[in-house]
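In what follows, a structure is listed as structure tokens, so that the remarks can point back to it.
A note on names: the letters A, B, ... follow the listed sequences, proteins ahead of strands, and every chain is numbered from 1.
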Amino acid sequence: MGNSVTKTSYPFHELEKAARKLWKDEGLFEIRDPMKAERPFYCLNMFPYPSGDLHVGHGRNYILGDVVTRLKRMQGYAVLTPMGWDAFGLPAENAAIANQIHPATWTKKNIARMKEQLVHWGLAYDWDREIASCDPSYYKWTQWLFLKLYERGLAYRAKGAVNWCPSCNTVLANEQVLPDGTCERCGTPVETRELEQWYFKITEYADPLLRDLEQLTHWPEKVRTMQTNWIGRSEGAQIRFPFEGSSDVIEVFTTRPDTLLGATYVVLAAEHPLVTRLKSEGKLPRAATDLVERLKKARVSNRFLVETEKEGTETGIHAVHPLTGAKLPVWIANYVLMGYGTGAIMAVPAHDQRDFEFAQKYGLPIVEVIRPDPKQGAAYDGTAAYEGEGKLVNSGKFDGLWSAEGKRAITEALAAKGAGEPRVNYRLRDWLISRQRYWGAPIPILYCDKCGVVPVPESDLPVLLPDQVEFKPTGESPLRTNEKFLRAKCPKCGGTARRETDTMDTFVDSSWYFLRFLSPTDSKRPFDTPAVNRWLPVNQYIGGVEHAILHLLYSRFIVKVLRDMKLISFSEPFERLFTQGMITKNGVKMSKSKKNTVAPDDLIERYGTDTVRLYTLFIGPPEKDAEWNDRGVEGAFRFLQRYWKLTMDVVDTAGAETLSPSAVKRASAGFAPSGPRRDLRRRVHQLTHQIVTDMDRLHLNTAVSGMMQYVNALDEFRDGGGDLTVPEVTEAMHLGTRLLAPMAPNTAEGAWQGLGGPGSIFTSGWPAPSKEAMQSDTISLVVQVNGKVRSSIEVPAGADKATIESAALADPKVRTYAAGKQVAQVIIVPGRLVNVVVK
RNA sequence: GCCCGGGUGGCGGAACGGCAGACGCAGGAGACUUAAAAUCUCCUGGGGGAAACCCCAUGCAGGUUCGAUCCCUGCCCCGGGCACCA
């Protein structure tokens with residue numbers, strides 16, 4: 001089959017070559033001076049990790065971005081369309097361990113290969129702005145970013161329970177652990193370890209990160225919801241319970257202070273500091289210490305199992321109810337987690353299902369304090385907790401208040417006693433950024449025996465990764481044992497210091513790269529503030545939904561920090577976000593490991609890049625997943641062939657002089673007032689309208705379909721004996737070619753040159769349909785009887801309702817269906833239909 | 001359990017509340033050809049009918065409406081997110 005294809009008269013390879021040369025010569029997609037370019041538009045694809053080969057599934061992302069880029073260019077914008085490489089990361093290091101190849105070498109090789117593929121794909125990137133996050137000239141500034149956060153107290157080191165991936169040999173941020181407790185990258189079950197690690201204080205920005213989501217009206221609702229859930233804001237109160245025999249207090253967080261009088265016991269997480277202390281002081285009963293040990297061990301692996309049965313034990317100590325003074329037993333239980341709130345709760349079994357189950361199991365008292373309607377019986381019926389709101393009962397002076405009032409009144413009463421206050425709690429945890437890996441940006445910190453933790457002075461950046469290192473199969477970072485790297489001089493006291501050996505999470509690299517593209521080679525500053533302020537937020541950001549939380553939340557955080565540092569003037573990095581669906585093959589995501597990838601190279605070789613582009617766009621709505629079908633590619637190819645032949649036929653018959661744009665402009669006098677030529681022109685403008693609208697909304701599958709109909713319309717015109725030299729055809733070719741250009745740029749550019757140019761099609765402006773041309777003299781209306789289609793009538797375009805009604809009632813089929821019945825109503829929808837309601 | 005998507009021919013998918021299935025793929029018939037490929041033409045949701053036409057059909061059951069794939073209620077499946085979050 002390959003043979004027959006290459007014999008086609010559609011010379012896609014030549015077209016690609018010529019088009020690419022023209023675009024390069026004209027510098028169509030390059031921004032020379034960001035401060036001077038008019039009408040800036042920043043179109044960005046998430047920069048990829050250079051994993052090696054690209055498949056057609058990856059291509060969807062880039063093709064979408066390229067269509068936007070070219071469309072905006074035609075609409076007269078100066079489009080910034082850069083590309084770079086998220087080039088630090090574990091696969092390079094794993095390759096190093098497996099094949100004894102340096103991560104830098106491996107990464108560079110992959111970058112070269114992928115760049116070749118992107119170029120082959122004909123994507124319009126401004127390669128002069130290419131960046132790679134593993135380049136010292138880039139990661140110098142990632143380190144600078146760390147120092148800035150450190151200066152502001154937003155980077156800190158702390159010991160705590162962390163996620164450890166035993167396969168990746170490193171810790172992970174919460175965002176990088178999947179809901180089933182496995183590593184986001186490799187799928188290995190994550191373990192818990194107590195380690196001292198570096199964090200970014202993203203929780204400080206929880207509220208702005210949440211609030212500003214409201215501004216992001218051009219983000220998919222889904223992504224905003226996911227971020228909202230992830231941040232997990234809840235309002236309530238922090239309440240302090242003193243406990244007997246100590247001046248200490250147990251702090252709990254609750255969203256239901258209105259149920260405080262129903263609290264009958266207090267529960268601590270096994271990891272709660274008080275538990276640790278009591279244990280070390282020998283004040284815990286044997287059963288309790290045993291349980292604590294068991295729970296801590298179980299949590300290493302079972303932390304994510306929700307279905308675990310509730311289990312607990314008494315500590316022997318008692319807390320004092322802050323309002324009633326009642327003695328409440330303090331328990332330790334597996335259903336209270338250290339990772340949320342204070343790691344301690346007040347248990348209200350009548351109104352919290354978890355507490356209820358626990359209280360039942362251990363025979364703890366249950367006191368009802370909320371009733372939806374006090375006149376009716378209890379909502380709490382002894383079989384399950386009532387978790388709704390209502391009026392307070394059994395709550396002393398608070399009886400009769402509604403939950404909302406009760407919350408306020410009880411919180412105020414606590415505040416008056418100094419026993420509590422309103423509190424907003426977040427699910428979001430700080431961002432753990434240290435990684436025990438080599439192939440990342442070293443954290444620019446020194447440990448001095450005398451001065452303690454000392455940041456590397458800005459002037460000493462970058463802290464370079466040592467080149468001569470050995471990768472051990474144990475997976476231990478070679479930095480840990482590299483004496484040359486480790487040894488340093490303390491910038492404060494001049495004494496000996498030891499370097500931090502952890503590197504930064506690669507999501508730090510990608511949290512600011514979109515700023516770097518404006519000044520990719522600047523060695524003085526991380527980014528050019530005026531240029532960045534002019535071009536950002538990114539007008540159109542395109543990438544996979546898998547970053548809905550990770551990259552997109554981190555970037556938003558960093559941008560807000562930089563704004564607070566007055567280094568940029570905007571608060572959000574990405575104005576419009578588009579998350580494309582993945583392409584599946586045999587129902588599953590394309591991936592090397594599943595061996596179901598489709599390589600673009602062969603397809604481009606055989607059919608040309610425009611065919612691959614067009615099919616990728618046509619496959620379905622871009623935001624949804626879609627199944628790849630090799631036969632579908634041929635459909636796209638057939639269309640382009642037909643389009644090309646048609647263009648060449650028009651050029652041959654009409655000749656250049658009738659085709660030039662000025663001739664087209666003059667042609668309007670020659671447009672036919674009626675007949676097939678007029679019909680063609682109407683159809684062409686209607687389709688133009690549809691395609692323009694679809695492209696604006698990124699409904700590219702229907703835009704491609706519109707182009708197919710466009711060619712069908714012209715073919716039908718010709719088959720019906722139409723003359724290709726008439727001005728209607730010339731106009732159609734000029735419009736259609738420009739409409740096609742963002743989607744099939746090489747073919748369209750070639751056609752444009754054939755049609756007499758001048759210049760690149762991408763400087764020819766974006767078409768607009770003519771309202772007048774879209775109008776028709778008569779319209780055909782569907783006629784329904786009682787909502788069922790029975791006939792259709794032809795009426796003048798401007799016909800009034802009375803005319804339409806009588807025409808409809810006169811229709812023989814309508815008369816048949818209306819026979820013997822009364823016409824109750826006639827509904828007329830202008831331009832659409834008539835519905836005759838009979839009884 | 002809660003919150004988002006989604007369920008339409010053999011397949012991918014179209015349809016401001018207004019002719020369900022655009023466009024394409026696959027399939028069928030034909031033209032061209034010694035033949036095949038390529039190309040072109042016509043047909044192609046199901047059922048009934050010689051035909052004109054008629055009936056059924058957008059996961060299921062209701063509702064609102066002159067009219068519902070679209071809006072509302074309940075339910076069933078599929079995908080995603082959150083989840084002992086206090």
Side-chain angles (χ1 to χ4, degrees), chain A residues 1 3-5 7-8 179 220-230 232-234 236 252-256 259 267 269 304-310 333-337 339-348 351-355 357-358 425-428 545-546 548-549 581 614-615 618-621 623-636 638-639 641-642 645 690 693 699 701-712 715 719 780-792 813 824-839:
Chain A
M1 159 184 46
N3 206 20
S4 62
V5 163
K7 272 187 200 155
T8 178
E221 189 57 46
K222 184 177 156 185
V223 174
R224 293 198 287 165
T225 308
M226 282 168 73
Q227 292 212 355
T228 303
N229 288 342
W230 188 259
R233 183 181 199 271
S234 46
V252 307
F253 172 75
T254 180
T255 54
R256 295 296 300 274
T259 65
V267 190
F304 297 90
L305 292 177
V306 176
E307 302 301 323
T308 320
E309 203 198 331
K310 289 179 183 49
N334 62 347
Y335 76 99
V336 174
L337 306 174
Y340 184 78
T342 61
I345 61 152
M346 64 176 205
V348 185
H351 304 291
D352 182 291
Q353 188 59 25
R354 296 156 299 177
D355 297 339
E357 286 166 22
F358 191 78
N425 210 0
Y426 296 93
R427 205 184 79 91
L428 182 71
V545 75
E546 65 273 16
I549 295 173
L614 217 56
Y615 175 64
F618 187 60
I619 195 166
E623 69 280 5
K624 286 195 196 151
D625 293 349
E627 170 76 11
W628 185 269
N629 175 1
D630 287 327
R631 305 301 296 267
V633 178
E634 290 180 38
R638 278 198 279 267
F639 161 73
Q641 257 188 135
R642 281 180 61 205
K645 273 187 206 152
Q690 183 222 308
T693 312
H699 291 184
N701 54 326
T702 48
V704 174
S705 152
M707 284 311 306
M708 290 172 168
Q709 290 173 70
Y710 204 100
V711 171
N712 288 349
D715 266 352
D719 291 348
S780 134
L781 292 178
V782 163
V783 183
Q784 299 181 331
V785 178
N786 286 347
K788 294 202 177 203
V789 178
R790 297 301 181 190
S791 182
S792 70
K813 296 216 55 178
Q825 201 184 347
V826 179
I827 288 153
I828 296 168
V829 184
R832 293 230 173 239
L833 56 55
V834 185
N835 187 11
V836 180
V837 185
V838 298
K839 275 182 193 157

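Looking at heavy-atom distances under 4.0 Å, A:Arg642 makes contact with sugar-phosphate atoms alone, never a base. A:Arg832 comes within 4.0 angstrom of a base, heavy atoms only. Looking at heavy-atom distances under 4.0 Å, A:Ser234 makes contact with sugar-phosphate atoms alone, never a base. Among the heavy atoms of the strands, none lies under 4.0 Å from A:Glu627. Note on A:Ile619: only backbone sugar-phosphate atoms sit closer than 4.0 angstrom, heavy atoms only; bases stay farther off. Counting any heavy atom pair closer than 4.0 Å across all strands shown, A:Asn835 reaches a base atom. Using a 4.0 Å heavy-atom criterion, one finds that A:Asn701 contacts the sugar-phosphate atoms exclusively. Within the 4.0 angstrom heavy-atom criterion, no nucleotide atom of any strand lies near A:Gly232. Contact annotation for A:Asp355: no contact, since no heavy-atom pair falls under 4.0 Å across all strands.
Straight-line distance from the CD atom of A:Glu623 to the C1' atom of B:G6: 12 Å, rounded to whole Å. Between A:Ile549 atom CD1 and B:C4 atom C1' there is a gap of 13 Å when expressed in whole angstrom units. With rounding to whole Å, A:Lys645 atom NZ is found 7 Å from B:U39 atom P. Atom CD of A:Gln825 is separated from atom C1' of B:U65 by 11 Å (rounded to the nearest Å). In this structure, CZ of A:Phe639 is placed 12 Å from P of B:C25, rounded to the nearest angstrom. Rounded to whole angstrom, the span from the CG atom of A:Asn334 across to the P atom of B:C84 amounts to 12 Å. Per the geometry, CZ belonging to A:Phe358 stands 19 Å off P belonging to B:A86, to the nearest Å. The CG atom of A:Leu337 sits 9 Å away from the C1' atom of B:A86 (whole-angstrom rounding).
You won't find any donor-acceptor pair under 3.5 Å spanning the side chain of A:Lys222 and the base of B:C4, going by distance alone. A donor N or O paired with an acceptor N or O is found under 3.5 Å between the base of B:G18 and the side-chain atoms of A:Gln784.
Contact annotation: the side chain of A:Val348 never approaches that of A:Arg256 to less than 4.5 Å [non-hydrogen atoms, C-beta and beyond]. A:Asn712 places a side-chain heavy atom less than 4.5 Å from the side chain of A:Arg642. Side-chain contact between A:Asn334 and A:Lys310 is present, with at least one heavy-atom pair separated by less than 4.5 Å. Under the 4.5 Å side-chain criterion, counting only non-hydrogen atoms from C-beta, A:Ile827 is not in contact with A:Gln784.
Among all heavy-atom pairs drawn from A:Asp355 and A:Met346, the shortest one is OD2-O, 3.9 Å.
For A:Arg354, whose side chain is taken as the heavy atoms from C-beta onward, the closest listed nucleotide among B:C82, B:A86, B:G24 is B:A86. The side chain of A:Phe618 lies closest to B:G12, out of B:G12, B:G18, B:G80. Set against B:A26, B:G81, B:C66, the side chain of A:Arg638 has B:A26 as its closest nucleotide. Ranking B:U41, B:C84, B:G24 by closeness to the A:Asp719 side chain, first place goes to B:U41. Considering only side-chain atoms of A:Tyr335, the nucleotide from B:C84, B:C82, B:G81 that sits closest is B:C84. Of the candidates B:G6, B:C66, B:C82, B:C66 carries the atom nearest the A:Ile827 side chain, counting heavy atoms from C-beta on.
Applying the Watson-Crick and G-U wobble criteria (two distances, each under 3.5 Å), B:G62 pairs with B:C72. Pair assignment for B:C23: B:G12, on the basis of Watson-Crick or G-U wobble contacts that are both within less than 3.5 Å. Across all strands shown, B:A57 forms no Watson-Crick or G-U wobble pair with both distances under 3.5 Å. Remark: B:A29 base-pairs with B:U41; criterion is Watson-Crick or G-U wobble with both hydrogen-bond distances under 3.5 Å.
The residue among A:Gly339 and A:Ala636 whose nearest nucleotide of RNA chain B is located toward the 5' end is A:Ala636. Take the nearest nucleotide of RNA chain B for A:Ser780 and for A:Thr702: the residue whose nucleotide is more 5' is A:Thr702.
Ring orientation note: the planes of A:Trp628 and A:Tyr615 are nearly perpendicular, at an angle over 60° on the 30°/60° scale.
Regarding contacts with the backbone of B:G10, every side-chain N or O of A:Arg631 stays at 4.0 angstrom or more from both OP1 and OP2. For the pair A:Asn229 and B:C2, the criterion of a side-chain N or O lying under 4.0 Å from OP1 or OP2 is not met. Between A:Asn629 and B:A26, a side-chain N or O to OP1/OP2 separation shorter than 4.0 Å is absent.
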Check: What string of B, S and - do you get for nucleotides 46-58 of chain B, 5' to 3', if B is base contact, S is sugar-phosphate-only contact and - is no contact with any protein heavy atom under 4.0 Å?
Finding: -------SSSS--
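For B:G9, the glycosidic angle deviates from 0 by 90° or less, giving a syn base.
Taking OG1 from A:Thr255 and CG from A:Asn425, the interatomic distance works out to 9.5 Å, rounded to the nearest 0.5 Å. Here the straight-line distance linking atom CZ of A:Phe618 with atom CE of A:Met708 works out to 4.0 Å at 0.5 Å rounding. To the nearest 0.5 angstrom, A:Asn835 atom CG is 7.0 Å from A:Asn786 atom CG.
With A:Gln690 contributing its side chain and A:Thr702 its backbone, the two residues share a donor-acceptor pair below 3.5 Å.
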